[in-house]
S.K.: 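The structure follows.
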Amino acid sequence: MEIKKTIKHLRQKLIKRPFVFDMLGRIAALYVWLVGKTGNFVVNGQKEFEQLVADNDGGIFVTWHGRALMLPFFWRNTRLMKALVSPHNDGRIIAKLLQMFKIYSIDGSSDRNARAAALDIVRELERGTVVSLISDGPRGPRMRLNKSVIYFAQKTGKPIMGFTYSSQNAAVMKKSWDAMLIPKLFAKGEVAATKPLFVPQGISDEEMEKLRADFENELNDLTLALDRKFGLPEILPADERKSKR
């Protein structure tokens, strides 16, 4: 029993070490790169988003938590891109993965450092940075658009575009709150994008909510259509957050 306790204690200490998160992030980035290089993905909307960003000196890139893994590989732009990343342990792994693709982090989430993160996002957008937001992270509800995305677009005048993807024979983590999709090597896949959304100044709360709901539905419809195309099980939005551990 003492040996088991010692092993457990060492494991708990080890997993808190920064080099462990660094290593896991590098491994995840390598896998993403290999999937992208060996796969056959049709990428829609990338050129349109690049032009949109150029025309508006920045923009907001939105995806779901369960569809975020491969998108760093597909992003190809000389403009600086930053992503809001949770300070939780899994966020530290994601931050390293993104860094390997030259996408840098804004620390914060709806749970921690929310006010400071919001100010950073507005500042970065006003500077012309592309800001990537995983709108249903870090704990859900799955595939639900946070109204803060609409606020950032209205505050800065920057456009929003949503991105999603699916692929053939992908693994779906059904027991995870986000039902994350993990593509396999040498697979066919496709990336899809929503129409650009500009949020006008001075609109009512009801109009803001309609824009939010319409954008959420469009991104979800794209995700469902791609999953059907590749024969994957239907993944629907959820209304409950993952409980804190």
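Throughout, residue positions are numbered sequentially from 1 according to the sequence presented. When reading the values below, keep in mind they use all heavy atoms of this one structure, side chains included, and skip hydrogens, waters and symmetry mates.
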S.K.: Can you tell me how far the CG atom of Leu181 sits from the NZ atom of Lys174, to the nearest 0.5 Å?
M.R.: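 So the gap between those two atoms works out to 11.5 Å.
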S.K.: With no hydrogens and no angle check, is any side-chain donor or acceptor of Ser167 less than 3.5 Å from a backbone partner on Ala170?
M.R.: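 Between the backbone of Ala170 and the side chain of Ser167 there is no qualifying donor-acceptor contact (under 3.5 Å).
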S.K.: Please name the pair of heavy atoms, one in Lys184 and one in Ala187, separated by the smallest distance, quoted to 0.1 Å.
M.R.: O-CB, 3.3 Å
S.K.: Consider only side-chain heavy atoms of I, L, V, M, F, W and Y, link residues closer than 4.5 Å, and tell whether Met70 and Leu30 are in one cluster.
M.R.: yes
S.K.: To the nearest 0.5 Å, tell me how far Asp57 CG sits from Thr129 OG1.
M.R.: 8.5 Å
S.K.: For Phe41 and Phe73: C-alpha separation, side-chain torsions, deciding distance, then whether ring-ring contact (aromatic ring centres under 6.0 Å, His included) applies.
M.R.: CA-CA 11 Å; Phe41 279 80; Phe73 177 86; 8.1 Å; no
S.K.: Can you name the nearest heavy-atom pair linking Ala193 to Gly45, along with the distance?
M.R.: CB-CA, 3.9 Å
S.K.: Counting C-beta onward and ignoring hydrogens, is there a side-chain heavy-atom pair between Lys158 and Val131 closer than 4.5 Å?
M.R.: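 No, side chains not in contact.
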S.K.: Same cluster or not: Leu125 versus Ile106, using hydrophobic residues (I, L, V, M, F, W, Y) connected whenever any side-chain heavy atoms lie under 4.5 Å apart?
M.R.: yes
S.K.: Give, for atom CD1 of Ile182 and atom OH of Tyr31, the distance between the pair rounded to the nearest 0.5 Å.
M.R.: 7.0 Å
S.K.: Between Thr63 and Phe163 (side chain of the first, backbone of the second, donor and acceptor by atom type, cut-off under 3.5 Å), is there such a pair?
M.R.: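 Between the backbone of Phe163 and the side chain of Thr63 there is a qualifying donor-acceptor contact (under 3.5 Å).
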S.K.: Rounded at 0.5 Å granularity, tell me how far CG in Leu52 sits from CD1 in Ile160.
M.R.: 10.5 Å
S.K.: Check whether Met143 and Val172 end up in the same hydrophobic cluster, where Ile, Leu, Val, Met, Phe, Trp and Tyr are linked by side-chain heavy atoms less than 4.5 Å apart.
M.R.: yes
S.K.: Using a 4.5 Å cut-off on heavy atoms from C-beta on, say whether the side chain of Arg127 contacts that of Leu80.
M.R.: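 With C-beta onward as the side chain, the pair stays apart.
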S.K.: Please report the closest heavy-atom contact between Trp64 and Ser135, naming both atoms and the distance.
M.R.: CZ3-CB, 4.1 Å
S.K.: Do Phe101 and Trp75 pass the side chain to side chain contact (heavy atoms under 4.5 Å, CB included) test, and can you show the C-alpha distance, the side-chain angles, and the key distance before you say yes or no?
M.R.: CA-CA 9 Å; Phe101 290 97; Trp75 177 255; over 6 Å; no
S.K.: For side chain to side chain contact (heavy atoms under 4.5 Å, CB included), just list the numbers for Ile60 and Leu197, CA-CA rounded to whole Å, side-chain angles, deciding distance to a tenth of an Å, and then say yes or no.
M.R.: CA-CA 10 Å; Ile60 302 171; Leu197 172 62; over 6 Å; no
S.K.: State plainly whether one hydrophobic cluster holds both Leu222 and Val149, where clusters connect Ile, Leu, Val, Met, Phe, Trp and Tyr through side-chain heavy atoms under 4.5 angstrom apart.
M.R.: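 Each belongs to a different hydrophobic cluster.
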S.K.: Can a donor-acceptor pair be found, under 3.5 Å and without considering hydrogens, that links the side chain of Gln154 to the backbone of Pro200?
M.R.: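 Yes, the answer is positive, given that a donor and an acceptor are paired below the 3.5 Å cut-off.
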S.K.: Show the nearest heavy-atom pair for residues Val85 and Ser105, with the distance to one decimal.
M.R.: CG2-OG, 3.7 Å
S.K.: Just wondering, do Arg67 and Ile235 contact through their side chains at under 4.5 Å, heavy atoms?
M.R.: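 Counting from C-beta outward, Ile235 and Arg67 do come under 4.5 Å.
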S.K.: Quick check on the hydrophobic clustering: are Val53 and Phe74 connected, directly or via other members, by side-chain heavy-atom contacts under 4.5 Å?
M.R.: yes
S.K.: Quick one, Phe152 and Val122 - any side-chain contact, counting heavy atoms below 4.5 Å?
M.R.: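 Result yes, sub-4.5 Å side-chain heavy-atom pair found.
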S.K.: Is there a side-chain contact between Glu218 and Lys195, using heavy atoms and a 4.5 Å cut-off?
M.R.: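 Heavy-atom side-chain distance check passes, below 4.5 Å.
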S.K.: When rounded to the nearest 0.5 angstrom, what distance separates NZ in Lys229 from CD in Gln168?
M.R.: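 It is 11.0 Å, given to the nearest 0.5 Å.
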S.K.: Start with the C-alpha distance between Arg123 and Asp120, add both sets of side-chain angles, then the distance that settles side chain to side chain contact (heavy atoms under 4.5 Å, CB included), and finish with yes or no.
M.R.: CA-CA 5 Å; Arg123 277 194 293 265; Asp120 283 346; 2.5 Å; yes
S.K.: Report the C-alpha distance between Leu232 and Ser166 in whole Å, list the side-chain angles of each, state the deciding distance to 0.1 Å, and finish with yes or no for side chain to side chain contact (heavy atoms under 4.5 Å, CB included).
M.R.: CA-CA 9 Å; Leu232 298 179; Ser166 191; 3.1 Å; yes
S.K.: I would like to know whether Arg212 and Glu216 meet salt bridge (charged side-chain N to carboxylate O under 4.0 Å, His left out); could you show each step before the answer?
M.R.: CA-CA 6 Å; Arg212 187 208 65 78; Glu216 177 185 286; 2.8 Å; yes
S.K.: Could you tell me whether the side chain of Thr194 and the main chain of Met161 form a donor-acceptor pair under 3.5 Å?
M.R.: no
S.K.: Any idea which heavy atoms bring Pro183 and Tyr165 closest together, and the distance?
M.R.: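 Heavy atoms only, the tightest pair is CG-CE1, 3.7 Å.
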S.K.: Would a 4.5 Å heavy-atom cut-off, applied to side chains only, mark Ile94 and Ile134 as touching?
M.R.: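 Ile94 does not reach Ile134 side chain to side chain.
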S.K.: With rounding to the nearest 0.5 Å, note down the distance linking NZ in Lys96 to CE in Met23.
M.R.: 12.5 Å
S.K.: Ion pair present between Arg142 and Asp136, side-chain N to carboxylate O less than 4.0 angstrom?
M.R.: no
S.K.: In the structure I gave you, are the side-chain heavy atoms of Glu234 and Asp227 within less than 4.5 Å of one another anywhere?
M.R.: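 Contact flag for Glu234/Asp227 side chains = no.
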S.K.: Do you know the tightest heavy-atom contact between Leu219 and Gly162?
M.R.: CD1-C, 3.9 Å
S.K.: Quick one: are Val32 and Leu69 in side-chain contact, heavy atoms under 4.5 Å?
M.R.: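 Answer yes - side chains close enough.
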